[in-house]
Amino acid sequence: MKSPLRFFPSTALALLVGLSATGALAGDPIHQVPSEVCQNCHQEIYKQWSGSMHAHASAMKDPIHAAFYQSEVGSPTEEGQVAKANKQYPVCLACHAPNAARDKTTKLDAKPAYAEGVNCVACHTLAKYKGIDAGGGKLRLGINAYELADKIQAPTGLNLGLQKLTAGDDPFGGAGASGQQKPNPHLGEPVEFEGKKIPGLPMEGNPSLMRSNDACMGCHDKRNNPHGVALCGTGDEYAQSRTQVTCIACHMPLSGGLTDHTLGGGHDQGMLERSVLFDLKAQPKGDKLAVDVSMTNQQPHILPTGAPFRNMYLKVMAYNGKGEVVWQSTKGHPSEDDPQAYMFLTLVDDEGKPVPPPQAKKAGADTRLKPHETRVLSYEIPAKDVVLVRGELYYNLLWPSLAKKFTQLPDELKQPVLMAEAEKEIAKP
Ligand code: HEC
Ligand code: HEC
Ligand code: HEC
Ligand code: HEC
Ligand code: HEC
């Protein structure tokens with residue numbers, strides 16, 4: 001669609017319009033268009049996105065990522081930063097600040113579209129997935145795994161072919177969910193909306209990418225540290241589960257007729273609550289209670305998936321009639337006194353000692369729940385006085401060692417999150 005006839009008028013107009021009221025230069029390349037521009041019309045989607053980790057993916061916005069970025073790279077507001085491990089342009093940005101990576105800059109405060117991380121145009125300009133395997137054991141990660149477009153990529157797109165055949169009215173002026181008439185910048189020409197000048201945002205339909213896992217895998221398939229150790233592998237886990245259910249089906253459900261852009265994961269209490277089928281059974285066994293706690297991972301990926309330091313642990317408590325705890329499976333963290341109840345991945349050095357992700361030489365034990373795995377943990381509890389047994393499953397974004405190390409992080413990111421609970425009342429004999 002690069003015919004001069006289609007392009008000339010919009011470029012010329014863009015020059016006349018100049019800086020729009022939203023701060024986006026009308027002549028800016030599409031990957032520099034901030035999400036604020038899209039917000040004018042796609043208000044609901046903008047709201048969902050702005051609370052998501054995608055909107056907080058850059059080192060300007062995510063304190064956990066920023067802590068690692070600063071130690072592995074350097075300042076997110078200075079030009080010319082390189083990764084300490086290989087002295088090259090930091091690969092982090094190809095996933096965490098893709099629009100900056102497209103411009104090969106490390107000064108993330110130079111444009112809102114850089115600091116915004118995975119913003120609207122970061123996903124909506126991915127055109128074709130080449131795969132992350134570059135051959136010879138090398139990975140091309142994030143946007144390097146894609147052919148990139150200078151037009152908005154859309155799940156259906158506008159039927160511009162048909163539009164050329166129909167004369168007159170803008171056939172796509174419908175405003176979608178809100179019902180309010182909106183001008184359509186996706187025909188490629190700048191438009192005016194509520195007194196604001198909006199640059200032309202040409203669009204094309206690309207269902208093969210936008211409706212499939214290809215829209216996610218460049219950034220979510222897997223990633224290695226400089227020693228070749230896999231740090232995360234949601235894509236590999238998913239492939240092993242052999243499911244046909246797409247990432248989008250769970251992570252971008254329809255809500256009010258629109259694709260939900262909240263994209264929750266480990267930072268989202270609701271997603272965590274529905275990720276596991278959690279149940280507890282208690283049977284008398286002599287003067288004991290035999291308690292079985294079962295956990296079923298409902299996902300076609302590991303629970304918890306993603307960053308290697310995500311982890312879960314289980315606590316079981318028995319109460320007497322006064323509501324006092326008379327027995328518990330662990331006094332503090334179960335890694336000390338009930339190791340089966342701690343579900344995590346360890347990364348280790350050559351001596352097998354646990355180390356943070358950048359230093360790992362190999363993966364150690366992995367006790368997280370495999371895709372669709374059901375795991376039952378059993379306890380024998382002295383039955384005397386017990387009227388209620390309760391199980392609690394907790395999720396943590398960070399290993400305890402990292403939570404301790406990063407003193408600068410806000411407490412809420414270090415607190416365990418209660419993701420599931422189950423109780424059983426014990427009948428009096
Ligand atoms: C993580 C990648 C990603 C980000 C970030 C993202 N989108 Fe999307 N968007 C998608 C995908 C994938 C679909 C298509 C889902 C489908 O149709 O199954 C989509 C669909 C849409 C649709 C069509 C909705 C519908 O229900 O028909 C609109 C409009 C849209 N996005 C706008 C935006 C805006 C505006 C932003 C920023 C505020 C944004 N998107 C950010 C991936 C993304
Ligand atoms: C001035 C209003 C306006 C702005 C600003 C705007 N859009 Fe749209 N967009 C529309 C309209 C109108 C439609 C058609 C909706 C309909 O008829 O359902 C649309 C549809 C879409 C679709 C869905 C097409 C499909 O396949 O169903 C996507 C994706 C999209 N816009 C992305 C964006 C992104 C990304 C931005 C910011 C870079 C943006 N839009 C900015 C008005 C706007
Ligand atoms: C351009 C790279 C990129 C693309 C494409 C992308 N993501 Fe992400 N995604 C990220 C990054 C980076 C984060 C982590 C942000 C952080 O925590 O700093 C993230 C976070 C997430 C999270 C939340 C994790 C948490 O900690 O809560 C989910 C869920 C997710 N993405 C799903 C998807 C799905 C589904 C798709 C495809 C529709 C997708 N992503 C496409 C880069 C991407
Ligand atoms: C059956 C629904 C389902 C499907 C299919 C699914 N997920 Fe998830 N995903 C979840 C739930 C629930 C969670 C929260 C529990 C967890 O963190 O593992 C989650 C968590 C995540 C996270 C958060 C990791 C973190 O660090 O916080 C990412 C990233 C993610 N999924 C990506 C994907 C990708 C990519 C696909 C497709 C290859 C996919 N998911 C398929 C339901 C699903
Ligand atoms: C291939 C894409 C990709 C690359 C390259 C990448 N990351 Fe990530 N990173 C992700 C995704 C996706 C997530 C969130 C979902 C998950 O946990 O899988 C994430 C999550 C994180 C988290 C956890 C953030 C949180 O809020 O808990 C940290 C820390 C992190 N990355 C640091 C880095 C650093 C530092 C680099 C560069 C040395 C880097 N990442 C390179 C994709 C990437």
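Read the numbers this way: they start at 1 and go in the same order the structure lists the ligands and their atoms.
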Counting each atom of ligand 1 from 1 as listed, which ones have a heavy atom of [X] under 4.0 Å away?
X: V118; answer: 5 (C)
X: Y46; answer: 38 (C)
X: M252; answer: 9 (N), 10 (C), 11 (C), 12 (C), 42 (C)

Closest non-hydrogen protein atom to [atom], residue and atom name please, with distance?
atom: atom 4 (C) of ligand 4; answer: C250 SG, 3.3 Å
atom: atom 37 (C) of ligand 1; answer: C120 SG, 1.8 Å
atom: atom 13 (C) of ligand 1; answer: M210 CE, 3.7 Å
atom: atom 6 (C) of ligand 1; answer: H261 CD2, 3.2 Å
atom: atom 39 (C) of ligand 4; answer: H301 CD2, 3.4 Å
atom: atom 42 (C) of ligand 4; answer: Q299 CG, 3.2 Å
atom: atom 28 (C) of ligand 4; answer: T305 CG2, 3.9 Å
atom: atom 16 (C) of ligand 4; answer: L303 CD1, 3.6 Å
atom: atom 19 (C) of ligand 1; answer: H124 CE1, 3.5 Å
atom: atom 23 (C) of ligand 1; answer: P155 CG, 4.1 Å
atom: atom 22 (C) of ligand 1; answer: I45 CD1, 4.1 Å
atom: atom 17 (O) of ligand 1; answer: R211 NE, 2.8 Å

How about [X] and [Y]: does a side-chain donor come under 3.5 Å of a side-chain acceptor?
X: D337; Y: T330; result: yes
X: Q32; Y: D103; result: yes
X: E273; Y: Q269; result: yes
X: E392; Y: Y394; result: yes
X: T305; Y: T234; result: yes
X: T77; Y: S75; result: yes
X: Y238; Y: N213; result: yes

Got an N/O contact under 3.5 Å between [X] and ligand 1?
X: T259; value: yes
X: S35; value: no
X: N119; value: no

What atoms in ligand 4 come closer than 4.0 Å to a heavy atom of [X]?
X: Y238; value: 37 (C), 38 (C)
X: Y395; value: 27 (O)
X: H220; value: 29 (C), 35 (C)
X: P300; value: 1 (C), 3 (C), 4 (C), 5 (C)
X: G265; value: 23 (C)

Polar proximity ligand 5 side, R223 side, N/O cut 3.5 Å exclusive: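 Min N/O separation from ligand 5 is below 3.5 Å for R223.
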A307 N/O under 3.5 Å from ligand 5 N/O: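 Yes; at least one N/O pair falls below 3.5 Å.
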Centroid-to-centroid, F309 to F344, below 6.0 Å?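 When the ring centroids of F309 and F344 are compared, they turn out to be at least 6.0 Å apart.
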H65 ring center within less than 6.0 Å of Y69 ring center: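 Judged by ring-centre distance (under 6.0 Å), Y69 and H65 do meet the cut-off.
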Would you call the rings of H42 and H186 parallel, tilted or perpendicular, taking 30° and 60° as the class edges?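 Judged by the thresholds at 30° and 60°, the geometry between H42 and H186 is parallel.
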Less than 4.5 Å apart, side chain to side chain, heavy atoms only: is that true for L413 and P63?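 Counting from C-beta outward, L413 and P63 do come under 4.5 Å.
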With atom 8 (Fe) of ligand 4 as the point of reference, which N/O/S atom of H251 is the closest?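 Going by distance to atom 8 (Fe) of ligand 4, the closest N, O or S atom in H251 is NE2.
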Whether the side chain of N206 engages the backbone of A127 through a donor-acceptor N/O pair (distance < 3.5 Å, no angle test) should be reported.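 Flag set: sc N206 to bb A127 pair under 3.5 Å.
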Per-atom contacts of ligand 5 with C219, taking only distances under 4.0 Å to non-hydrogen atoms: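 Per the distance check, 1 (C), 2 (C), 12 (C), 42 (C).
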Just jot down the ligand 5 atoms closer than 4.0 angstrom to any heavy atom of L141, in number order.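 That gives atoms 1 (C), 5 (C) of ligand 5.
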Under 2.8 Å from atom 8 (Fe) of ligand 5 - does any N, O or S atom of C95 fall there?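 Short answer: no, not a single N, O or S atom is under the cut-off.
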Could you work out, for [atom], the closest of [options] by heavy-atom distance?
atom: atom 14 (C) of ligand 4; options: H267, M271, E237; answer: M271
atom: atom 21 (C) of ligand 5; options: K222, M53, H96; answer: H96
atom: atom 35 (C) of ligand 4; options: C247, P371, G270; answer: C247

Which is it for C232 and ligand 4 at heavy atoms under 4.0 Å: side chain, backbone, both or neither?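 Within the 4.0 Å criterion, C232 makes no contact with ligand 4.
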Looking only at heavy atoms, is any part of M217 under 4.0 Å from ligand 4, and if so is it the side chain, the backbone, or both, or is it neither?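 For M217, only side-chain atoms sit under 4.0 Å from ligand 4.
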Using a heavy-atom cut-off of under 4.0 Å, does the side chain or the backbone of H56 touch ligand 5, or both, or neither?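 It is neither part, as no heavy atom is under 4.0 Å.
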Measure E72 to ligand 5 on non-hydrogen atoms and call it side chain, backbone, both or neither using the 4.0 Å cut-off.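 Answer for E72: side chain.
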Closer than 4.0 angstrom: is that true for some heavy atom of [X] and an atom of ligand 4?
X: A249; result: no
X: G235; result: no
X: T246; result: yes
X: I302; result: yes

Could you establish whether P90 and ligand 5 come within less than 4.0 Å of each other, counting only heavy atoms on the residue side?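 Distance cut 4.0 Å: P90 fails for ligand 5.
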Can D62 be said to touch ligand 5, with heavy atoms closer than 4.0 Å?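 The answer is yes, since D62 has a heavy atom less than 4.0 Å from ligand 5.
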Can an N or O of [X] be found at a distance shorter than 3.5 Å from an N or O of ligand 4?
X: N213; result: no
X: G266; result: yes
X: R310; result: yes

K424 atom NZ, neighbour heavy-atom count above 12 within 6.0 Å: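 12 or below, so no.
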Report yes or no: does C123 have an N/O/S atom closer than 2.8 Å to atom 8 (Fe) of ligand 1?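 False for C123.
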When you measure from the centre of the six-membered ring of Y89, is the NZ or CZ of K104 under 6.0 Å away and within 45° of the axis?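 The answer is yes, since K104 meets both limits relative to Y89.
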Answer side chain, backbone, both or neither: which part of L258 comes under 4.0 Å from ligand 1, heavy atoms only.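 Under 4.0 Å from ligand 1, L258 contributes backbone and side-chain atoms.
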